[in-house]
There are 2 protein chains.
Amino acid sequence: MPTSTVEQYIKTIYQQEERCAHDIVPMKQLSEAMGVTPGTATAMVKHLAERKLIRYEPRKGVRLTAGGRELALIMVRRHRLIETFLENVLGYDLSEVHEDAEQLEHAVSDKFIERIDAYLGFPPADPHGDPIPSAEGHIARRDSVPLDHCETGDSIRVARLRNDDPAFLLLMKEQRLTPGEVFVVIDKNETAGTMTVQHNARTRKTNTPFTISMGNSTRIMVEPTGEQ
Amino acid sequence: MPTSTVEQYIKTIYQQEERCAHDIVPMKQLSEAMGVTPGTATAMVKHLAERKLIRYEPRKGVRLTAGGRELALIMVRRHRLIETFLENVLGYDLSEVHEDAEQLEHAVSDKFIERIDAYLGFPPADPHGDPIPSAEGHIARRDSVPLDHCETGDSIRVARLRNDDPAFLLLMKEQRLTPGEVFVVIDKNETAGTMTVQHNARTRKTNTPFTISMGNSTRIMVEPTGEQ
DNA sequence: GATATAATTTTGATTAATCAAAATATATTA
DNA sequence: TAATATATTTTGATTAATCAAAATTATATC
Ligand SMILES: [Mn+2]
Ligand SMILES: [Mn+2]
Ligand SMILES: [Mn+2]
Ligand SMILES: [Mn+2]
(Lines give C-alpha, C1' and ligand atoms only; values in the text may rest on other atoms or scores of the structure.)
(Ligands and ions follow the chains in the order given, each with its own letter.)
Protein backbone atom coordinates (compact mmCIF):
# COMPACT_ATOMS: atom_id res chain seq x y z
CA MET A 1 0.00 0.00 0.00
CA PRO A 2 1.40 3.42 -0.89
CA THR A 3 1.66 5.97 1.92
CA SER A 4 -0.24 9.23 1.43
CA THR A 5 3.10 10.94 0.77
CA VAL A 6 3.81 8.53 -2.09
CA GLU A 7 0.28 9.10 -3.42
CA GLN A 8 0.82 12.85 -3.35
CA TYR A 9 4.18 12.69 -5.18
CA ILE A 10 2.74 10.47 -7.90
CA LYS A 11 -0.30 12.70 -8.40
CA THR A 12 1.97 15.76 -8.52
CA ILE A 13 4.26 14.18 -11.12
CA TYR A 14 1.19 13.38 -13.23
CA GLN A 15 0.01 16.99 -13.02
CA GLN A 16 3.44 18.35 -13.92
CA GLU A 17 3.66 16.02 -16.90
CA GLU A 18 0.28 17.36 -18.07
CA ARG A 19 1.32 21.01 -17.66
CA CYS A 20 4.60 20.72 -19.50
CA ALA A 21 3.71 18.90 -22.70
CA HIS A 22 4.19 15.43 -21.14
CA ASP A 23 7.94 15.75 -21.18
CA ILE A 24 10.27 14.59 -18.41
CA VAL A 25 9.68 16.47 -15.12
CA PRO A 26 12.87 18.11 -13.75
CA MET A 27 13.65 17.81 -10.05
CA LYS A 28 13.36 21.54 -9.39
CA GLN A 29 9.84 21.59 -10.77
CA LEU A 30 8.87 18.56 -8.71
CA SER A 31 10.39 19.80 -5.45
CA GLU A 32 8.69 23.19 -5.86
CA ALA A 33 5.34 21.62 -6.68
CA MET A 34 5.66 19.39 -3.62
CA GLY A 35 6.88 22.19 -1.38
CA VAL A 36 9.98 20.28 -0.23
CA THR A 37 13.71 20.88 -0.59
CA PRO A 38 15.42 19.46 -3.71
CA GLY A 39 17.32 16.89 -1.64
CA THR A 40 14.10 15.54 -0.19
CA ALA A 41 12.63 15.14 -3.66
CA THR A 42 15.74 13.29 -4.86
CA ALA A 43 15.54 10.84 -1.97
CA MET A 44 11.85 10.18 -2.57
CA VAL A 45 12.28 9.87 -6.32
CA LYS A 46 14.79 7.05 -5.82
CA HIS A 47 12.26 5.29 -3.65
CA LEU A 48 9.48 5.72 -6.22
CA ALA A 49 11.78 4.36 -8.93
CA GLU A 50 12.48 1.25 -6.82
CA ARG A 51 8.74 0.83 -6.42
CA LYS A 52 8.53 0.99 -10.26
CA LEU A 53 6.10 3.90 -10.12
CA ILE A 54 8.41 6.23 -12.06
CA ARG A 55 11.49 6.12 -14.26
CA TYR A 56 14.22 8.31 -12.86
CA GLU A 57 16.98 9.68 -15.04
CA PRO A 58 19.57 11.25 -12.71
CA ARG A 59 20.40 14.87 -13.50
CA LYS A 60 17.44 14.93 -15.90
CA GLY A 61 14.17 14.24 -14.12
CA VAL A 62 11.32 11.75 -13.79
CA ARG A 63 8.34 10.38 -15.69
CA LEU A 64 5.57 8.02 -14.64
CA THR A 65 5.60 4.34 -15.57
CA ALA A 66 2.35 2.62 -16.57
CA GLY A 67 1.89 1.59 -12.95
CA GLY A 68 2.56 5.11 -11.74
CA ARG A 69 0.03 6.54 -14.16
CA GLU A 70 -2.51 4.04 -12.90
CA LEU A 71 -2.04 5.18 -9.30
CA ALA A 72 -2.06 8.83 -10.39
CA LEU A 73 -5.41 8.40 -12.13
CA ILE A 74 -6.88 6.72 -9.06
CA MET A 75 -5.83 9.76 -7.03
CA VAL A 76 -7.14 12.22 -9.62
CA ARG A 77 -10.46 10.34 -9.69
CA ARG A 78 -10.70 10.52 -5.91
CA HIS A 79 -9.79 14.20 -5.83
CA ARG A 80 -12.28 15.26 -8.45
CA LEU A 81 -15.17 13.17 -7.14
CA ILE A 82 -14.59 14.53 -3.65
CA GLU A 83 -14.52 18.09 -4.97
CA THR A 84 -17.77 17.50 -6.83
CA PHE A 85 -19.37 16.09 -3.69
CA LEU A 86 -18.21 19.02 -1.56
CA GLU A 87 -19.71 21.56 -3.96
CA ASN A 88 -22.86 19.77 -5.13
CA VAL A 89 -23.92 18.12 -1.87
CA LEU A 90 -22.32 20.00 1.00
CA GLY A 91 -22.57 23.45 -0.61
CA TYR A 92 -18.87 24.34 -0.52
CA ASP A 93 -17.81 27.29 -2.63
CA LEU A 94 -15.74 26.53 -5.74
CA SER A 95 -12.77 28.22 -4.06
CA GLU A 96 -12.97 25.96 -0.98
CA VAL A 97 -13.22 22.46 -2.43
CA HIS A 98 -9.58 21.91 -3.33
CA GLU A 99 -8.09 22.24 0.16
CA ASP A 100 -10.34 19.65 1.78
CA ALA A 101 -10.14 17.27 -1.20
CA GLU A 102 -6.35 17.38 -0.96
CA GLN A 103 -6.56 15.68 2.45
CA LEU A 104 -9.60 13.43 1.99
CA GLU A 105 -8.28 11.84 -1.22
CA HIS A 106 -5.72 9.94 0.90
CA ALA A 107 -8.22 8.67 3.47
CA VAL A 108 -11.16 7.39 1.43
CA SER A 109 -11.73 3.74 0.53
CA ASP A 110 -12.63 2.45 -2.92
CA LYS A 111 -16.07 1.62 -1.58
CA PHE A 112 -16.55 5.21 -0.45
CA ILE A 113 -15.52 6.62 -3.81
CA GLU A 114 -17.77 4.31 -5.83
CA ARG A 115 -20.74 5.15 -3.60
CA ILE A 116 -20.06 8.88 -3.89
CA ASP A 117 -19.83 8.50 -7.67
CA ALA A 118 -23.25 6.79 -7.77
CA TYR A 119 -24.77 9.30 -5.34
CA LEU A 120 -23.65 12.16 -7.59
CA GLY A 121 -25.07 10.41 -10.66
CA PHE A 122 -21.69 9.61 -12.26
CA PRO A 123 -20.62 13.18 -13.08
CA PRO A 124 -18.28 13.59 -16.10
CA ALA A 125 -16.37 16.55 -14.65
CA ASP A 126 -15.56 18.27 -11.34
CA PRO A 127 -16.52 21.85 -10.40
CA HIS A 128 -13.40 23.21 -12.12
CA GLY A 129 -14.51 21.50 -15.34
CA ASP A 130 -11.77 18.87 -15.11
CA PRO A 131 -12.79 15.42 -16.42
CA ILE A 132 -13.19 12.66 -13.84
CA PRO A 133 -11.29 9.46 -14.73
CA SER A 134 -13.34 6.25 -14.70
CA ALA A 135 -12.71 3.55 -12.08
CA GLU A 136 -10.78 1.71 -14.81
CA GLY A 137 -8.47 4.67 -15.33
CA HIS A 138 -9.91 6.10 -18.56
CA ILE A 139 -9.96 9.87 -18.81
CA ALA A 140 -11.84 11.90 -21.40
CA ARG A 141 -9.73 14.22 -23.52
CA ARG A 142 -11.56 17.46 -24.15
CA ASP A 143 -10.04 19.82 -26.67
CA SER A 144 -10.35 23.23 -25.08
CA VAL A 145 -7.93 26.13 -25.59
CA PRO A 146 -6.65 28.81 -23.23
CA LEU A 147 -8.64 32.05 -23.40
CA ASP A 148 -5.59 33.99 -24.65
CA HIS A 149 -5.70 31.97 -27.89
CA CYS A 150 -9.07 33.55 -28.74
CA GLU A 151 -9.64 36.68 -30.79
CA THR A 152 -11.98 39.64 -30.50
CA GLY A 153 -15.50 38.63 -31.48
CA ASP A 154 -15.14 34.94 -30.59
CA SER A 155 -18.11 33.38 -28.83
CA ILE A 156 -16.85 30.92 -26.23
CA ARG A 157 -17.92 28.61 -23.43
CA VAL A 158 -15.78 28.19 -20.29
CA ALA A 159 -14.56 24.58 -20.10
CA ARG A 160 -12.07 24.44 -17.22
CA LEU A 161 -10.36 26.66 -14.67
CA ARG A 162 -6.80 25.37 -14.34
CA ASN A 163 -5.81 27.11 -11.13
CA ASP A 164 -6.46 26.07 -7.56
CA ASP A 165 -5.74 29.46 -6.00
CA PRO A 166 -8.84 30.34 -3.94
CA ALA A 167 -8.53 34.09 -4.63
CA PHE A 168 -8.50 33.45 -8.39
CA LEU A 169 -11.49 31.11 -8.18
CA LEU A 170 -13.42 33.55 -6.00
CA LEU A 171 -12.93 36.23 -8.65
CA MET A 172 -14.01 33.85 -11.43
CA LYS A 173 -17.16 33.00 -9.49
CA GLU A 174 -17.93 36.70 -8.97
CA GLN A 175 -17.62 37.33 -12.70
CA ARG A 176 -19.59 34.15 -13.54
CA LEU A 177 -16.54 32.86 -15.43
CA THR A 178 -17.27 29.27 -14.36
CA PRO A 179 -17.46 26.06 -16.45
CA GLY A 180 -20.46 26.05 -18.80
CA GLU A 181 -20.93 29.83 -18.91
CA VAL A 182 -20.95 31.53 -22.33
CA PHE A 183 -19.02 34.72 -23.14
CA VAL A 184 -17.95 36.90 -26.03
CA VAL A 185 -14.44 38.27 -26.37
CA ILE A 186 -15.01 42.01 -26.82
CA ASP A 187 -11.39 43.08 -26.73
CA LYS A 188 -7.89 41.65 -26.87
CA ASN A 189 -5.16 44.18 -26.16
CA GLU A 190 -1.75 42.60 -26.74
CA THR A 191 0.05 45.81 -25.80
CA ALA A 192 -1.69 46.19 -22.46
CA GLY A 193 -1.57 42.43 -21.93
CA THR A 194 -5.30 42.18 -21.19
CA MET A 195 -8.45 40.57 -22.53
CA THR A 196 -12.00 41.78 -21.99
CA VAL A 197 -14.98 39.45 -22.09
CA GLN A 198 -18.71 39.95 -21.68
CA HIS A 199 -21.22 37.46 -20.32
CA ASN A 200 -23.90 36.30 -22.72
CA ALA A 201 -26.77 36.01 -20.26
CA ARG A 202 -30.17 37.10 -21.56
CA THR A 203 -31.75 36.88 -18.12
CA ARG A 204 -29.64 39.70 -16.73
CA LYS A 205 -29.30 43.30 -17.74
CA THR A 206 -25.96 43.95 -16.05
CA ASN A 207 -23.57 42.33 -18.49
CA THR A 208 -20.72 44.56 -17.50
CA PRO A 209 -17.52 43.63 -19.36
CA PHE A 210 -14.69 42.09 -17.37
CA THR A 211 -11.01 42.61 -18.05
CA ILE A 212 -8.38 40.05 -17.11
CA SER A 213 -4.61 39.88 -17.52
CA MET A 214 -3.18 37.73 -20.30
CA GLY A 215 -1.35 35.69 -17.65
CA ASN A 216 -4.52 34.76 -15.84
CA SER A 217 -6.35 34.12 -19.08
CA THR A 218 -4.04 31.20 -19.87
CA ARG A 219 -5.60 29.42 -16.88
CA ILE A 220 -9.13 29.75 -18.31
CA MET A 221 -9.73 26.95 -20.81
CA VAL A 222 -12.53 27.60 -23.28
CA GLU A 223 -14.17 26.05 -26.34
CA PRO A 224 -15.97 27.78 -29.24
CA THR A 225 -19.76 27.80 -28.91
CA GLY A 226 -20.26 27.25 -32.65
CA GLU A 227 -22.39 30.40 -32.84
CA GLN A 228 -20.95 33.42 -34.65
CA MET B 1 -1.82 20.15 15.52
CA PRO B 2 -2.06 16.57 16.80
CA THR B 3 -1.00 13.82 14.40
CA SER B 4 -3.60 11.20 13.51
CA THR B 5 -1.71 8.75 15.74
CA VAL B 6 -2.08 11.11 18.70
CA GLU B 7 -5.78 11.56 17.86
CA GLN B 8 -6.25 7.80 17.80
CA TYR B 9 -4.50 7.24 21.15
CA ILE B 10 -6.57 9.95 22.84
CA LYS B 11 -9.83 8.59 21.43
CA THR B 12 -8.85 5.08 22.53
CA ILE B 13 -8.02 6.22 26.07
CA TYR B 14 -11.42 7.92 26.24
CA GLN B 15 -13.15 4.72 25.15
CA GLN B 16 -11.23 2.61 27.66
CA GLU B 17 -12.08 5.06 30.44
CA GLU B 18 -15.76 4.67 29.49
CA ARG B 19 -15.62 0.88 29.42
CA CYS B 20 -13.92 0.48 32.80
CA ALA B 21 -15.96 2.73 35.10
CA HIS B 22 -13.81 5.82 34.34
CA ASP B 23 -10.90 4.54 36.37
CA ILE B 24 -7.24 4.87 35.39
CA VAL B 25 -6.41 2.94 32.18
CA PRO B 26 -3.52 0.46 32.63
CA MET B 27 -0.81 0.28 29.98
CA LYS B 28 -1.63 -3.29 28.98
CA GLN B 29 -5.22 -2.36 28.23
CA LEU B 30 -4.12 0.65 26.21
CA SER B 31 -1.45 -1.18 24.21
CA GLU B 32 -3.87 -3.97 23.38
CA ALA B 33 -6.63 -1.57 22.37
CA MET B 34 -4.15 0.27 20.14
CA GLY B 35 -2.64 -2.91 18.72
CA VAL B 36 0.93 -1.92 19.59
CA THR B 37 3.59 -3.42 21.86
CA PRO B 38 3.63 -2.23 25.49
CA GLY B 39 6.90 -0.37 25.01
CA THR B 40 5.45 1.63 22.14
CA ALA B 41 2.50 2.64 24.29
CA THR B 42 4.80 3.72 27.12
CA ALA B 43 6.82 5.94 24.77
CA MET B 44 3.70 7.55 23.32
CA VAL B 45 2.10 8.02 26.71
CA LYS B 46 5.09 10.08 27.86
CA HIS B 47 4.68 12.24 24.82
CA LEU B 48 0.95 12.71 25.43
CA ALA B 49 1.66 13.65 29.04
CA GLU B 50 4.14 16.32 27.88
CA ARG B 51 1.46 17.66 25.57
CA LYS B 52 -0.81 17.82 28.66
CA LEU B 53 -3.42 15.62 26.99
CA ILE B 54 -3.21 12.92 29.68
CA ARG B 55 -1.91 12.43 33.20
CA TYR B 56 0.50 9.52 33.35
CA GLU B 57 1.19 7.65 36.57
CA PRO B 58 4.13 5.33 35.91
CA ARG B 59 3.45 1.66 36.75
CA LYS B 60 -0.24 2.55 37.14
CA GLY B 61 -1.69 3.91 33.94
CA VAL B 62 -3.18 7.00 32.30
CA ARG B 63 -6.25 9.22 32.38
CA LEU B 64 -7.31 12.12 30.19
CA THR B 65 -6.87 15.73 31.26
CA ALA B 66 -9.60 18.28 30.47
CA GLY B 67 -7.74 19.11 27.26
CA GLY B 68 -7.44 15.46 26.35
CA ARG B 69 -11.13 14.89 26.91
CA GLU B 70 -11.87 17.84 24.65
CA LEU B 71 -9.82 16.36 21.83
CA ALA B 72 -11.36 12.92 22.45
CA LEU B 73 -14.88 14.31 22.13
CA ILE B 74 -13.98 16.07 18.90
CA MET B 75 -12.81 12.71 17.53
CA VAL B 76 -15.88 10.86 18.80
CA ARG B 77 -18.11 13.50 17.21
CA ARG B 78 -16.30 13.11 13.90
CA HIS B 79 -16.44 9.33 14.05
CA ARG B 80 -20.14 9.13 14.80
CA LEU B 81 -21.22 11.78 12.30
CA ILE B 82 -19.20 10.06 9.60
CA GLU B 83 -20.76 6.70 10.47
CA THR B 84 -24.22 8.22 10.30
CA PHE B 85 -23.45 9.75 6.92
CA LEU B 86 -22.10 6.48 5.55
CA GLU B 87 -25.24 4.59 6.55
CA ASN B 88 -27.95 7.18 5.95
CA VAL B 89 -26.63 8.79 2.79
CA LEU B 90 -24.25 6.37 1.09
CA GLY B 91 -26.18 3.22 2.06
CA TYR B 92 -23.39 1.43 3.92
CA ASP B 93 -24.43 -1.53 6.05
CA LEU B 94 -24.27 -1.09 9.83
CA SER B 95 -21.40 -3.60 9.90
CA GLU B 96 -19.34 -1.60 7.37
CA VAL B 97 -19.44 1.96 8.72
CA HIS B 98 -16.86 1.64 11.48
CA GLU B 99 -13.86 0.70 9.34
CA ASP B 100 -14.13 3.65 6.96
CA ALA B 101 -14.99 6.11 9.74
CA GLU B 102 -11.85 5.04 11.59
CA GLN B 103 -9.73 6.48 8.74
CA LEU B 104 -11.86 9.43 7.66
CA GLU B 105 -12.14 10.90 11.16
CA HIS B 106 -8.46 11.91 10.94
CA ALA B 107 -8.75 13.58 7.53
CA VAL B 108 -11.90 15.69 7.73
CA SER B 109 -11.93 19.43 8.46
CA ASP B 110 -14.19 21.17 10.96
CA LYS B 111 -16.02 22.73 8.03
CA PHE B 112 -16.68 19.29 6.55
CA ILE B 113 -18.04 17.93 9.83
CA GLU B 114 -20.35 20.89 10.47
CA ARG B 115 -21.75 20.65 6.93
CA ILE B 116 -22.30 16.90 7.26
CA ASP B 117 -24.06 17.50 10.58
CA ALA B 118 -26.43 20.01 8.94
CA TYR B 119 -26.95 17.78 5.89
CA LEU B 120 -28.00 14.92 8.17
CA GLY B 121 -30.35 17.20 10.11
CA PHE B 122 -28.32 17.24 13.34
CA PRO B 123 -28.79 13.58 14.32
CA PRO B 124 -28.64 12.83 18.07
CA ALA B 125 -27.08 9.37 17.68
CA ASP B 126 -25.07 7.27 15.24
CA PRO B 127 -26.24 3.98 13.65
CA HIS B 128 -25.02 2.00 16.68
CA GLY B 129 -27.21 4.18 18.91
CA ASP B 130 -24.22 6.03 20.38
CA PRO B 131 -24.89 9.70 21.18
CA ILE B 132 -23.10 12.29 19.01
CA PRO B 133 -21.27 14.97 21.04
CA SER B 134 -22.09 18.57 20.14
CA ALA B 135 -19.50 20.81 18.50
CA GLU B 136 -18.96 22.34 21.96
CA GLY B 137 -18.14 18.91 23.43
CA HIS B 138 -21.40 18.14 25.25
CA ILE B 139 -22.50 14.54 25.13
CA ALA B 140 -25.93 13.27 26.14
CA ARG B 141 -25.98 10.67 28.88
CA ARG B 142 -28.58 8.03 28.18
CA ASP B 143 -29.31 5.57 30.94
CA SER B 144 -29.56 2.26 29.20
CA VAL B 145 -28.64 -1.11 30.73
CA PRO B 146 -27.02 -4.21 29.25
CA LEU B 147 -29.52 -6.81 28.06
CA ASP B 148 -28.24 -9.35 30.61
CA HIS B 149 -29.56 -7.12 33.42
CA CYS B 150 -33.13 -7.74 32.21
CA GLU B 151 -35.51 -10.43 33.39
CA THR B 152 -37.96 -12.74 31.67
CA GLY B 153 -41.06 -10.79 30.66
CA ASP B 154 -39.35 -7.39 30.35
CA SER B 155 -40.40 -5.29 27.39
CA ILE B 156 -37.36 -3.43 26.06
CA ARG B 157 -36.11 -1.14 23.33
CA VAL B 158 -32.61 -1.55 21.89
CA ALA B 159 -30.61 1.63 22.63
CA ARG B 160 -27.02 0.89 21.58
CA LEU B 161 -24.84 -1.89 20.21
CA ARG B 162 -21.49 -1.55 21.96
CA ASN B 163 -19.38 -3.72 19.66
CA ASP B 164 -17.69 -2.82 16.40
CA ASP B 165 -17.14 -6.41 15.24
CA PRO B 166 -18.74 -6.63 11.76
CA ALA B 167 -19.81 -10.27 12.26
CA PHE B 168 -21.64 -9.37 15.46
CA LEU B 169 -23.34 -6.39 13.83
CA LEU B 170 -24.32 -8.43 10.79
CA LEU B 171 -26.04 -10.91 13.08
CA MET B 172 -27.81 -8.14 14.99
CA LYS B 173 -29.08 -6.69 11.72
CA GLU B 174 -30.37 -10.10 10.61
CA GLN B 175 -32.29 -10.49 13.86
CA ARG B 176 -33.51 -6.89 13.72
CA LEU B 177 -31.76 -6.24 17.04
CA THR B 178 -30.86 -2.69 16.02
CA PRO B 179 -31.32 0.63 17.90
CA GLY B 180 -34.99 1.58 18.24
CA GLU B 181 -36.39 -1.94 17.81
CA VAL B 182 -38.69 -3.30 20.53
CA PHE B 183 -38.39 -6.80 22.03
CA VAL B 184 -39.65 -8.94 24.88
CA VAL B 185 -37.33 -11.11 26.97
CA ILE B 186 -39.00 -14.53 26.78
CA ASP B 187 -36.30 -16.50 28.57
CA LYS B 188 -33.22 -15.97 30.69
CA ASN B 189 -31.28 -19.17 31.39
CA GLU B 190 -28.45 -18.47 33.85
CA THR B 191 -27.32 -22.09 33.79
CA ALA B 192 -27.00 -22.29 30.02
CA GLY B 193 -25.68 -18.73 29.91
CA THR B 194 -28.21 -17.62 27.31
CA MET B 195 -31.04 -15.17 26.83
CA THR B 196 -33.92 -15.46 24.39
CA VAL B 197 -35.76 -12.45 23.00
CA GLN B 198 -38.66 -12.02 20.61
CA HIS B 199 -39.29 -9.09 18.26
CA ASN B 200 -42.46 -7.11 18.90
CA ALA B 201 -43.36 -6.30 15.30
CA ARG B 202 -47.04 -6.37 14.45
CA THR B 203 -46.36 -6.03 10.76
CA ARG B 204 -44.63 -9.38 10.53
CA LYS B 205 -45.82 -12.88 11.22
CA THR B 206 -42.44 -14.48 11.67
CA ASN B 207 -41.45 -13.33 15.11
CA THR B 208 -39.19 -16.30 15.70
CA PRO B 209 -37.41 -16.08 19.04
CA PHE B 210 -33.66 -15.46 19.01
CA THR B 211 -31.21 -16.84 21.54
CA ILE B 212 -27.95 -15.09 22.37
CA SER B 213 -25.09 -15.85 24.75
CA MET B 214 -24.88 -13.91 28.01
CA GLY B 215 -21.48 -12.60 26.95
CA ASN B 216 -22.82 -11.07 23.76
CA SER B 217 -25.89 -9.74 25.54
CA THR B 218 -23.71 -7.45 27.66
CA ARG B 219 -22.90 -5.57 24.44
CA ILE B 220 -26.58 -4.90 23.71
CA MET B 221 -27.71 -1.84 25.67
CA VAL B 222 -31.46 -1.57 26.19
CA GLU B 223 -34.02 0.60 27.96
CA PRO B 224 -37.47 -0.38 29.29
CA THR B 225 -40.35 0.52 26.96
CA GLY B 226 -42.59 1.50 29.85
CA GLU B 227 -45.21 -0.97 28.65
CA GLN B 228 -45.72 -4.08 30.73
C1' DG C 1 37.19 27.74 -23.53
C1' DA C 2 37.24 29.50 -18.76
C1' DT C 3 34.27 31.10 -15.40
C1' DA C 4 30.11 32.13 -13.11
C1' DT C 5 25.41 30.45 -12.25
C1' DA C 6 21.97 27.19 -11.56
C1' DA C 7 20.35 22.53 -10.78
C1' DT C 8 21.04 18.34 -8.59
C1' DT C 9 22.88 15.02 -5.48
C1' DT C 10 25.12 13.72 -1.23
C1' DT C 11 25.92 13.86 3.61
C1' DG C 12 24.68 14.19 8.28
C1' DA C 13 21.06 15.08 11.36
C1' DT C 14 16.15 15.19 13.14
C1' DT C 15 11.28 13.75 14.28
C1' DA C 16 7.44 10.49 14.72
C1' DA C 17 6.21 5.95 15.27
C1' DT C 18 7.20 1.55 15.71
C1' DC C 19 9.33 -3.45 17.35
C1' DA C 20 12.15 -7.00 19.88
C1' DA C 21 14.18 -8.18 23.73
C1' DA C 22 16.35 -7.16 28.14
C1' DA C 23 15.69 -5.11 32.68
C1' DT C 24 12.83 -3.89 36.42
C1' DA C 25 8.95 -3.51 39.32
C1' DT C 26 4.54 -5.30 41.05
C1' DA C 27 1.28 -8.87 42.10
C1' DT C 28 0.12 -13.65 42.93
C1' DT C 29 0.80 -18.03 44.76
C1' DA C 30 2.66 -21.57 47.19
C1' DT D 1 7.97 -14.86 53.18
C1' DA D 2 10.17 -16.59 49.05
C1' DA D 3 9.39 -17.94 44.39
C1' DT D 4 6.94 -17.28 40.33
C1' DA D 5 4.23 -14.89 37.06
C1' DT D 6 2.70 -10.66 35.07
C1' DA D 7 2.97 -5.87 33.91
C1' DT D 8 5.77 -2.16 32.74
C1' DT D 9 9.75 0.32 31.37
C1' DT D 10 14.17 0.73 29.15
C1' DT D 11 17.41 0.03 25.51
C1' DG D 12 18.86 -0.35 20.90
C1' DA D 13 17.39 -0.54 16.32
C1' DT D 14 14.39 0.44 12.14
C1' DT D 15 11.49 2.98 8.64
C1' DA D 16 9.46 7.06 6.43
C1' DA D 17 9.91 11.70 5.67
C1' DT D 18 12.04 15.67 6.15
C1' DC D 19 15.88 19.84 6.32
C1' DA D 20 20.41 22.37 5.98
C1' DA D 21 24.43 22.75 3.98
C1' DA D 22 28.31 20.87 1.38
C1' DA D 23 29.74 18.67 -2.92
C1' DT D 24 29.06 17.81 -7.63
C1' DT D 25 27.52 18.37 -12.31
C1' DA D 26 25.42 20.81 -16.05
C1' DT D 27 24.33 25.23 -18.27
C1' DA D 28 24.95 29.89 -19.48
C1' DT D 29 27.87 33.89 -20.12
C1' DC D 30 31.64 36.37 -21.23
MN1 LIG E 1 -3.40 15.28 -1.42
MN1 LIG F 1 -10.56 20.25 -9.47
MN1 LIG G 1 -9.21 6.36 13.71
MN1 LIG H 1 -20.53 3.98 16.21
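Computed from a predicted model, the values in this text were never measured in an experiment. Order of the sequence lines fixes the chain letters, A, B, ..., with proteins taken first and strands second; residue numbering starts at 1 for each chain.
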**Asked** So how far is it from L161(A) CG to I220(A) CD1, rounded to the nearest 0.5 Å?
**Response** 6.5 Å
**Message:** Once side chain to side chain donor-acceptor pair (under 3.5 Å) is applied, what residue pairs with a partner in residues 143-152 of chain B remain, sequence neighbours excluded?
**Reply:** E151(B)-K188(B)
**Prompt:** Are there more than 12 heavy atoms of other residues, nucleotides or ligands under 6.0 Å from atom CD of E114(A)?
**Reply:** yes
**Prompt:** Quick one: M27(A) CE to dT24(D) P, roughly how many Å, whole number?
**Reply:** 19 Å
**Prompt:** What residue pairs, at least two apart or across chains, pass ring-ring contact (aromatic ring centres under 6.0 Å, His included) with a residue in residues 82-120 of chain A?
**Reply:** H79(A)-H98(A), F85(A)-F85(B)
Mind listing the side-chain donor-acceptor pairs of residues 34-42 of chain B below 3.5 Å, one per line with the distance, residues two or more places apart or on another chain?
from: T37(B); atom 1: OG1; to: T40(B); atom 2: OG1; distance (Å): 2.9
from: T42(B); atom 1: OG1; to: P38(B); atom 2: O; distance (Å): 3.1

**Item:** Integer-rounded Å distance: dT8(C) C1' and R59(A) CZ
**Value:** 4 Å
**Request:** Check whether any side-chain N or O of K46(A) sits under 4.0 Å from OP1 or OP2 of dT9(C), and answer yes or no.
**Result:** no
**Asked** What integer distance in Å separates K60(B):NZ from dT26(C):P?
**Response** 9 Å
**Prompt:** Could you state the CD-C1' distance from E32(B) to dT6(D), rounded to the nearest angstrom?
**Reply:** 12 Å
**Reference residue D117(A); test salt bridge (Lys or Arg N to Asp or Glu O under 4.0 Å); the match among K111(A), R80(A), R78(A), R77(A)** = R77(A)
**Prompt:** For the pair made of CD in E57(B) and C1' in dT26(C), what is the distance, rounded to whole Å?
**Reply:** 15 Å
**Request:** Considering just the side-chain nitrogens and oxygens of Y56(B), establish if one lies under 4.0 Å of OP1 or OP2 belonging to dT9(D).
**Result:** yes
**Message:** To the nearest 0.5 Å, what is the distance between NE2 on H138(B) and CD1 on I132(B)?
**Reply:** 15.5 Å
**Asked** Could you run down nucleotides 11-22 of chain C 5' to 3' and tag each one B, S or - for protein heavy-atom contact under 4.0 Å?
**Response** -----SSSBS--
**Message:** Once salt bridge (charged side-chain N to carboxylate O under 4.0 Å, His left out) is applied, do any residues pair with K173(B), and if so which ones, sequence neighbours excluded?
**Reply:** D93(B)
Distances under 3.5 Å between nitrogen or oxygen atoms of protein and nucleotides 2-4 of chain C:
none

